[in-house]
Amino acid sequence: MRSLIDILDLSTEELRELIETAEDIIADPEKYAEVCRHKKLATLFFEPSTRTRLSFEAAMYELGGNVLSVSSANSSSAAKGESVADTAKTVSCYADIIAMRHPKEGAAFVAAANASIPVINAGDGGHLHPTQTLADLLTIWREKGRFTDLTIGLCGDLKFGRTVHSLISAMSRYEGNRFVLISPEELKVPSYVKSVLKEKNIPYEQTSDLMEVIGDLDILYMTRVQRERFFNEEDYLRLKDSYILTPDKMRSAREDLSVMHPLPRVNEISVAIDDDPRACYFKQVKNGKYMRMALILKLLYEAGTLKTLPERSRA
Ligand code: CP
């Protein structure tokens, strides 16, 4: 059974196809409005979410399907000690596909190993968040028209920021990209992520000074300092405002910079930047729904749950 746990579970060819499907949905949503009629998505969210859960649910509704939802750990039998494996086996009896967010790294992998329906990792602890990367990739494609030869700055909490880990994995597969990793010492990218860059000889630099590098960047991917992953509040308070992007700082950036952020934002991008044409973070939110629609279709088709898919108009 095909699931999506890591963005690397999808080949670059499959990513291209998902983007083509998403573009086709954007161009002609009516064509897709009944494709998932009588099919059910279960959203199992054992950690808070606004965008990911609601965009998965909006995606399934816009495909004509239905949604079963667990919106917090406390409202499910996980609160009574049920294992992820048993939850996955149980939900397989009711639904056709699962999107799951869990605070434990590897939880989606365990669910997929025990479910008899496809499982989509909607974020596992500080590890991975592949469907945010799908949203990011469609945004990069629409803003830049390419995945190659980009200087990508990632700024903020690069240690716990699972969206950063998935995006580095994804963009490392394309030629000519260079990464600028901007973080305080304590929140540097974990070595298992950096080892991918080293193995592939992909150029990267690490710095704590955003202003030193902002003028070199094609993309600036800002992230929130993840309070929920800190062991003590004192460290969080010391680090939380390490980077605040303001209109004044944006004057040093290129005219064609794309400012991205997976959201939620706390304080790291001034709201005054929202009207700057370089701000792309609410476009990411919208793009996430279309890519999740494309992904649901792909996984349900491969599982044999959908017998046909609409023909794409675009090549
Ligand atoms: N980007 C993202 O995962 O947002 P939520 O936590 O609101 O789902």
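Positions are given from 1 along the sequence.
One finds a salt bridge joining Arg142 and Glu23 here, because a Lys/Arg side-chain nitrogen approaches an Asp/Glu carboxylate oxygen to under 4.0 Å. Between Glu185 and Lys188 there is a salt bridge, since at least one side-chain N of the basic residue sits less than 4.0 Å from a carboxylate O of the acidic one. Looking at Lys240 and Glu268, no side-chain N of the basic residue comes within less than 4.0 Å of a carboxylate O on the acidic one, giving no salt bridge.
Criterion: ILVMFWY side-chain heavy atoms under 4.5 Å apart, direct or through other members. Under it, Val189 and Leu217 are not part of a common hydrophobic cluster.
For the atom pair CG of Asn177 and OG1 of Thr148, the computed distance is 6.5 Å after rounding to the nearest 0.5 Å. For the atom pair Ile5 CD1 and Asp124 CG, the distance stands at 8.0 Å (nearest 0.5 Å).
Between the side chain of Lys40 and the main chain of Tyr94, a donor-acceptor pair closer than 3.5 Å is present.
Atom OH of Tyr204 has more than 12 neighbouring heavy atoms from other residues, nucleotides or ligands inside a 6.0 Å radius. Around NZ of Lys31, the count of heavy atoms belonging to other residues, nucleotides or ligands within 6.0 Å exceeds 12. In the displayed structure, Tyr236 atom OH is contacted under 6.0 Å by more than 12 heavy atoms of other residues, nucleotides or ligands. By the 6.0 Å contact criterion, CD on Glu13 is enclosed, its count of non-hydrogen atoms from other residues, nucleotides or ligands being greater than 12. Within a 6.0 Å radius of NZ in Lys298, more than 12 heavy atoms belonging to other residues, nucleotides or ligands are found. Residue Glu311 places its CD atom among 12 or fewer non-hydrogen atoms of other residues, nucleotides or ligands, all under 6.0 Å distant.
The shortest side-chain heavy-atom distance between Arg254 and Asp218 falls under the 4.5 Å cut-off. Side-chain atoms of Leu187 and Leu239, non-hydrogen and from C-beta on, do get closer than 4.5 Å to each other. Residues Pro103 and Glu47 have side chains in contact (heavy-atom distance under 4.5 Å, counting atoms from C-beta outward). The shortest distance between side-chain heavy atoms of Thr87 and Phe46 falls below 4.5 Å. Taking the side chain as every heavy atom from C-beta outward, Pro262 and His129 never approach each other to under 4.5 Å. Between Asp9 and Glu14, every side-chain heavy-atom pair lies at or beyond the 4.5 Å cut-off.
A pairwise comparison of heavy atoms in Ser92 and Ser116 identifies OG-N, 3.0 Å as the closest pair. Counting all heavy atoms, side chain and backbone alike, Ser49 lies closest to Arg101 at CB-NH1, 3.4 Å. In terms of heavy-atom proximity, Thr305 sits nearest to Lys39 at O-CE, 3.3 Å. Across all non-hydrogen atoms, the minimal contact from Met291 to Leu134 is CG-O, 3.4 Å. Between Ala135 and Gly288, the shortest heavy-atom distance links the atoms CB-CA, 3.4 Å.
The side-chain tip of Arg292 points at the ring of Phe56 from less than 6.0 angstrom away and within 45° of straight on.
Ring planes of His127 and Tyr192: tilted class, angle from 30 to 60°. Ring-plane geometry between His261 and Tyr281 is classed as perpendicular, the angle between the planes exceeding 60 degrees on a 0 to 90 degree scale with a lower cut at 30.
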